[in-house]
Amino acid sequence: MNAVTAQNNAFYPSNKAITQSIPAQLAILFLAILILLASLFNPVWAGPGYNHGDEAPAAATGSASPRVTAHSDLIELVGMVQGNELKIYLDRYATNEPVTDAKIGVETGSIKGIA
């Protein structure tokens with residue numbers, strides 16, 4: 001037995017290439033068909049937001065009013081301008097329960113007041 005035959009016997013003990021056996025050929029064929037079917041029934045296309053075209057970004061919709069927010073571990077304050085009024089909401093930060101008996105000092109420019 002020469003060196004080439006001994007080397008081939010190490011990889012192919014039956015002296016047949018792996019692709020020459022019927023079960024191996026069927027397995028390879030089955031795998032190829034499976035990959036083909038998977039690509040046909042589950043195509044991969046870019047979804048919304050992944051287009052690289054020259055589309056303009058979507059404009060924000062709805063009516064937004066100027067607002068200010070602040071919070072600590074205990075309370076949260078939200079102030080919103082509605083018309084010509086400033087509405088201030090104060091609640092407990094953990095439970096979102098309104099704080100109804102608080103006095104809040106407001107100052108903007110030369111205008112000062114208690115809310």
Side-chain angles (χ1 to χ4, degrees):
M1 181 184 310
N2 61 23
V4 174
T5 307
Q7 185 179 10
N8 285 339
N9 285 340
F11 290 108
Y12 310 112
S14 65
N15 286 337
K16 286 185 177 180
I18 188 89
T19 55
Q20 290 179 350
S21 68
I22 299 280
Q25 288 176 348
L26 289 176
I28 291 171
L29 179 63
F30 178 73
L31 184 61
I33 291 172
L34 186 64
I35 291 171
L36 178 66
L37 288 176
S39 66
L40 289 176
F41 291 110
N42 190 12
V44 179
W45 291 310
Y50 293 99
N51 189 358
H52 295 286
D54 294 331
E55 294 179 1
T61 59
S63 61
S65 59
R67 62 183 63 215
V68 61
T69 61
H71 71 84
S72 70
D73 292 339
L74 300 176
I75 60 170
E76 176 180 36
L77 178 133
V78 176
M80 291 184 278
V81 176
Q82 292 181 342
N84 59 355
E85 291 184 340
L86 173 64
K87 295 200 176 192
I88 299 174
Y89 299 95
L90 185 68
D91 59 50
R92 301 193 193 295
Y93 188 70
T95 63
N96 208 25
E97 174 188 352
V99 177
T100 57
D101 57 347
K103 291 185 180 177
I104 302 169
V106 178
E107 180 178 341
T108 176
S110 63
I111 302 172
K112 294 181 182 181
I114 302 283

Between Leu90 and the options Val78, Asp101, Ile104, Thr100, the side chain to side chain contact (heavy atoms under 4.5 Å, CB included) test singles out Ile104

Can you hop from Leu74 to Leu77 via hydrophobic side chains spaced under 4.5 Å?
yes

Would you give the length of the straight line joining atom CD of Gln82 to atom CZ of Arg67, rounded to the nearest 0.5 angstrom?
8.5 Å

Nearest 0.5 Å, what's the CD1-CD distance between Ile114 and Glu107?
10.5 Å

Once rounded to the nearest 0.5 Å, what's the spacing between atom CE of Met80 and atom CG of Leu86?
9.5 Å

Are Ile88 and Val99 connected in the hydrophobic side-chain network, where two residues link if heavy atoms are under 4.5 Å apart?
yes

